[in-house]
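Worth saying up front: this structure is predicted, and the values here are computed from it rather than measured. The first residue in the sequence is number 1, and the count goes up from there.
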Amino acid sequence: MARVSQAHLDARRRQILDAAALCFARNGFHATSMQDVLKEADLSAGAVYRYFSGKEELIAAIVSEVLGEVRAAFEAAARQSPPPSPDQLVVTVLSRTLALRESLTLDGAPAFPRLVVQVWSEVPRNDELAAVLREGYGSVRAAWGRIVEAYQEAGTMRSDIPPDHVARTMIAAVLGFIAQQSLFGPAPVEILRDGLRALMSISDAESQA
């Protein structure tokens with residue numbers, strides 16, 4: 001029997017994950033069956049179960065992959081001295097994350113924002129997924145915190161605000177923007193960049209008036 005290449009295995013795994021992501025975004029986690037995933041991926045049960053034991057593993061893999069990409073991008077930024085400004089950094093990372101999934105569409109619209117909302121709705125009843133998200137978001141918060149420390153050391157951000165407070169605020173801004181896309185339709189990430197720039201332009205004297 002010919003040996004299957006790693007590239008082939010990776011492509012098959014990608015095919016399964018993309019199919020599952022579309023199914024979850026379309027119908028939610030509970031309304032999606034493994035048969036739905038098999039049909040979307042156009043693969044046999046044996047081909048899919050070789051990689052994933054069921055829906056729980058699929059959604060955990062999707063979430064871990066996305067958060068891993070985001071964390072890596074922020075950690076790379078943290079190594080720059082000084083790192084890019086928050087508005088530019090957010091638009092760069094978010095654009096990259098969305099671009100990697102631009103081929104996943106439902107009715108012509110990006111599926112990723114809907115998938116994110118579906119994942120959130122599943123967290124209260126899925127302890128394993130909640131644990132994956134806590135770990136993933138925790139690592140993203142830590143990466144953002146290091147970036148904030150770099151801003152503060154460079155004197156470009158006030159130093160009396162705990163870095164984790166800024167990290168949580170920036171994560172909230174990104175997640176909120178993604179939720180808006182699910183509710184109101186696609187929007188360019190430059191909107192978020194411009195909004196952050198406007199907020200950043202307020203001086204301390206103006207904010208305390």
Side-chain angles (χ1 to χ4, degrees), residues 1-76 93-144 171 174-179 181-183 186 189:
M1 180 180 296
R3 182 179 179 183
V4 178
S5 69
Q6 186 60 48
H8 175 82
L9 294 174
D10 292 344
R12 182 56 55 84
R13 186 175 187 275
R14 174 84 272 138
Q15 180 181 354
I16 296 168
L17 286 175
D18 287 349
L22 281 174
C23 289
F24 295 148
R26 182 186 298 120
N27 298 318
F29 185 75
H30 285 277
T32 296
S33 68
M34 282 302 290
Q35 191 60 41
D36 294 328
V37 176
L38 300 179
K39 183 178 179 180
E40 186 72 42
D42 194 23
L43 293 172
S44 67
V48 172
Y49 284 112
R50 176 180 181 180
Y51 295 85
F52 303 100
S53 64
K55 292 192 298 181
E56 287 77 11
E57 277 197 13
L58 278 166
I59 198 166
I62 292 169
V63 170
S64 295
E65 180 182 65
V66 173
L67 290 175
E69 293 167 357
V70 173
R71 182 190 68 246
F74 283 135
E75 288 178 343
V93 174
L94 187 53
S95 294
R96 173 182 167 182
T97 302
L98 295 175
L100 289 172
R101 288 157 186 83
E102 62 184 357
S103 63
L104 300 180
T105 60
L106 293 173
D107 301 323
F112 182 68
R114 290 180 58 178
L115 174 64
V116 170
V117 173
Q118 294 288 2
V119 168
W120 292 341
S121 69
E122 179 61 19
V123 166
R125 52 194 172 195
N126 189 323
D127 292 339
E128 291 184 7
L129 178 59
V132 170
L133 281 170
R134 278 195 298 271
E135 180 180 358
Y137 280 125
S139 64
V140 172
R141 277 174 60 186
W144 249 116
I171 291 172
V174 172
L175 293 180
F177 185 74
I178 292 174
Q181 294 204 40
S182 178
L183 290 169
V189 294

| request: Can you run down the side-chain hydrogen bond (donor to acceptor under 3.5 Å, both in side chains) pairs that involve residues 7-26, sequence neighbours left out, and say none if there aren't any? | output: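 For residues 7-26, and leaving out neighbouring residues, the side-chain hydrogen bond (donor to acceptor under 3.5 Å, both in side chains) pairs sorted by first residue read Q6-D10, R12-Q15, R14-D18, R14-E65, R26-E40.
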| task | Determine, step by step, whether V117 and I178 satisfy the side chain to side chain contact (heavy atoms under 4.5 Å, CB included) criterion, reporting the C-alpha distance in whole Å, the side-chain angles of both residues, the deciding distance to 0.1 Å, and the verdict. | result | CA-CA 8 Å; V117 173; I178 292 174; 5.9 Å; no
Within the distance-only criterion (no hydrogens, no angle test), does the side chain of [X] pair as donor or acceptor with the backbone N or O of [Y] below 3.5 angstrom?
| X | Y | result |
| --- | --- | --- |
| T32 | C23 | yes |
| S139 | G136 | yes |
| S33 | D36 | yes |

Heavy-atom pair with the smallest gap, counting every atom of [X] and [Y]:
| X | Y | answer |
| --- | --- | --- |
| Q118 | G28 | OE1-CA, 3.4 Å |
| V37 | I16 | CG1-O, 4.4 Å |
| V132 | S64 | CG1-OG, 3.4 Å |
| A31 | N27 | CB-O, 3.2 Å |
| W120 | A179 | CZ3-CB, 3.9 Å |
| L129 | V63 | CD1-CG2, 3.9 Å |

| message | So L133 and E122, do their side chains get closer than 4.5 Å, heavy atoms only? | response | no
| W144 side chain near V174 side chain, heavy-atom distance below 4.5 Å |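 No; the side chains remain at least 4.5 Å from each other.
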| message | For F112, run the side-chain contact (heavy atoms from CB on, under 4.5 Å) check against L104, L106, L100, L98 and tell me which one passes. | response | L98
| CZ of R134 to CG of L67: how many Å apart, nearest 0.5 Å? |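 Nearest 0.5 Å value for the CZ-CG distance: 13.0 Å.
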| Out of curiosity, F24 CZ to L17 CG, how far, rounded to the nearest 0.5 Å? | 9.5 Å
| task | Apply the test side chain to side chain contact (heavy atoms under 4.5 Å, CB included) to residues L58 and Y51: give CA-CA distance (whole Å), side-chain angles for both, the deciding distance (0.1 Å), then the verdict. | result | CA-CA 9 Å; L58 278 166; Y51 295 85; over 6 Å; no
| field | Lys/Arg N to Asp/Glu carboxylate O, R101 vs E69, below 4.0 Å | value | yes
| Stepwise side chain to side chain contact (heavy atoms under 4.5 Å, CB included) check, F29 with E56 | CA-CA 9 Å; F29 185 75; E56 287 77 11; 4.2 Å; yes
| query | Would one find more than 12 heavy atoms of other residues, nucleotides or ligands at under 6.0 Å from atom CD of E128? | reply | no
| query | By ring-ring contact (aromatic ring centres under 6.0 Å, His included), which residues pair with F52, not counting sequence neighbours? | reply |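 Once residues adjacent in sequence are excluded, F52 has no partner under the ring-ring contact (aromatic ring centres under 6.0 Å, His included) criterion.
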